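The structure displayed is predicted, hence computed values, not measured ones.
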Amino acid sequence: MEQMPERMAGKPSWLITQLAVHTRRLVFDAFADTGARGHHYRVLAVLDEFGAVSQAELGRRARMDRSDVVAVVDDLVGQGFAVREPDPDHGRRNRISMTRGGVRELRRMDGVVDQVQDDLLRSLSAEERRTLTSLLGRVLDEHDGA
C-alpha cells in the first residue's frame, strides 16, 4: 500500500472514514455471497432485541430512512422473515415482528457479520478489539443526535 501523508495518517477522522469504506465493502460482499443485505440484518437485529415495533420506531432504532424501512420490511415479509400486522393500540399504524424463519436468518447473518469482524480486525487481539469497540461506541454516543 502506498504510504499516506502523516498529516492524514495522524487524523482519526480520516482513518475512520477510510476504514468505513473498506468495512462497507467487506460486509456488502459477504452478504451478497449469501444472498442477504445489510439493511435486512439491521432490521432483524432491532426486531430480535426490541420485539414487535412500529415501522417508524424500527427506522429510528435501525437508523434508516422511512422509505428504506418500507422496502426492507416488504422484502422480509416476502421472504417469510417478518410479519406486518395492524397495531391494536393505534389503528393507522402497523407493527412489525420477526418470524421463526427471521430468527434463523438473523442467526445465519450473525455468522457472516462475525466472520467480517474477524477478517477486518485480525491484526488486533481480543482485548484490543474490545477496547476499540468501547472507544468507538463512546465517541459515537457523544455525537449521536447532535
Shortest non-hydrogen contact from [X] toward [Y]:
X: D119; Y: R122; result: O-NH1, 3.3 Å
X: R84; Y: N94; result: CD-ND2, 3.5 Å
X: S123; Y: E128; result: O-OE1, 4.2 Å
X: A30; Y: V116; result: CB-CG2, 3.6 Å
X: L44; Y: G102; result: CD1-O, 4.1 Å
X: L15; Y: A9; result: CD1-O, 3.2 Å

Practice task
Might you work through the side-chain contact (heavy atoms from CB on, under 4.5 Å) test for R63 and D144, ending with a clear yes or no?
Solution key: CA-CA 11 Å; R63 299 177 184 216; D144 220 12; 2.5 Å; yes
Exercise for the section: Only one of D68, V73, D74 passes side-chain contact (heavy atoms from CB on, under 4.5 Å) with V70; say which it is. Expected result: D74
Close side-chain approach of [X] to [Y], heavy-atom, < 4.5 Å:
X: F81; Y: H40; answer: no
X: L136; Y: L140; answer: no
X: H39; Y: R42; answer: yes
X: Q55; Y: V72; answer: no

Cluster check [X], [Y]: I/L/V/M/F/W/Y, side chain < 4.5 angstrom:
X: W14; Y: L19; answer: no
X: L121; Y: V139; answer: no
X: F28; Y: M64; answer: no
X: M8; Y: I16; answer: no
X: V77; Y: L58; answer: yes

Straight-line distance of [X] [atom1] to [Y] [atom2], nearest 0.5 Å:
X: K11; Y: Q18; atom1: NZ; atom2: CD; result: 14.5 Å
X: R130; Y: T133; atom1: CZ; atom2: OG1; result: 9.5 Å
X: L47; Y: I96; atom1: CG; atom2: CD1; result: 7.5 Å
X: R107; Y: D48; atom1: CZ; atom2: CG; result: 4.5 Å
X: D29; Y: R25; atom1: CG; atom2: CZ; result: 7.5 Å
X: R92; Y: S54; atom1: CZ; atom2: OG; result: 13.5 Å

Practice task
Taking atom CZ of R66 as the centre, report whether more than 12 heavy atoms of other residues, nucleotides or ligands fall under 6.0 Å from it.
Solution key: no
Problem - Neighbour count >12 (heavy atoms, 6.0 Å) for atom CZ, R24 - result: no
Exercise for the section: Using the side-chain contact (heavy atoms from CB on, under 4.5 Å) rule, take E105 and M98 through it: C-alpha gap first, then chi angles, then the decisive distance, then the call. Expected result: CA-CA 10 Å; E105 178 65 4; M98 190 165 40; over 6 Å; no
Practice task
Could you tell me whether D141 and R138 make a salt bridge, using a distance below 4.0 angstrom between a side-chain N and a carboxylate O?
Solution key: no
